[in-house]
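This structure is a prediction, so every number in the text was calculated from the model and none was measured. Note that ligands are numbered from 1 as they come in the structure, with each ligand's atoms numbered from 1 the same way. For the numbers below, each heavy atom of this structure counts, side chains included, while hydrogens, waters and symmetry mates do not.
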Amino acid sequence: MYTLPKLPYGYSDLEPYIDEETMKIHHTKHHQKYTDKLNSALEKHPELFEEDLSELIYGAEKNLPEDIRFEIINNGGGFLNHSFFWNVLGEPKDEKNEPIGDLGKMIEEQYGSYEEFKTKFKAHAMKLFGSGWAWLTMNKSGTLELENTVNQNLPSEGKIAIITLDQWEHAYYLKYQNRREEYIDAFWHVVDWKKANERLKG
Ligand code: MN
C-alpha cells in the first residue's frame, strides 16, 4: 500500500509565496486522492505492489495490464510527481534564494546567469497548455534541460529530475487565479536549492 508522505515543512511555512490553504488542500485532498486511486487500481493486481512504480509507468505498455494501465499512469504519476514536488519546495531562507554548489555553477555556465535561467524556465513553462509540470532535468551527458509534461506524466526516462513546478490550477488558483506567471515568479523563493544540488549525484 502506498501512503501519503508527510511534508518536510508546515502548511503555512511557504507563505506568502504559496499560501497555507492551497498547501493544505493540495496535500490532503489532491495528493491523497492520487494515492487512494493508485492503491485501489493496484488492488486488482496486488503483485504489482512489489514492483518499482516508476518502472511500471515507464514500461506501461509491457508492464501494466490494460485494465489498470491508464489509472496507474495518471494516479501513480500523480503520486510520484507530488512526492517529488514537496521536496523541491522549502522554507524561504533569504530574499535571494539562489542555486548553490555545482548546480549553481552549471546553471551559470549553461544559461549565462541565474536571472537568465529563470527567464528561460518561465518562458518554457508558459508554453504548457492545460495541466502538467515544468521540469529541470539533467541528461546522461550532464547537460541541464527544460521539459514540460502534460497531465501527471513523468519526465523523460533516463533523466535525473532536478526540480519541478506543478502547473495544475489546483496548485495556485486560490492565490494567483489566472496569473500563472506570478506563481512561477513566486516559486523561486521557495525552491530548496540544497536538495536540488544533491540530486546531481543521481
Ligand atoms: Mn498538484
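By the 4.5 Å heavy-atom criterion applied to side chains, M126 and R180 are counted as neighbours.
Looking at H170 and the Mn ion (ligand 1) together, the shortest N, O or S contact belongs to NE2.
Ring orientation note: the planes of Y34 and H82 are close to parallel, at an angle under 30° on the 30°/60° scale.
Proximity of a side-chain donor or acceptor of N197 to a complementary backbone N or O of L103 within less than 3.5 Å is detected.
The Mn ion (ligand 1) does not have H31 among its coordinating residues (no N/O/S atom, backbone or side chain, under 2.8 Å).
Around the NZ atom of K194, the shell of radius 6.0 Å holds no more than 12 heavy atoms that belong to other residues, nucleotides or ligands.
Annotation: angle subtended at the Mn ion (ligand 1) by D166 OD2 and H82 NE2 is 100°, to 10°.
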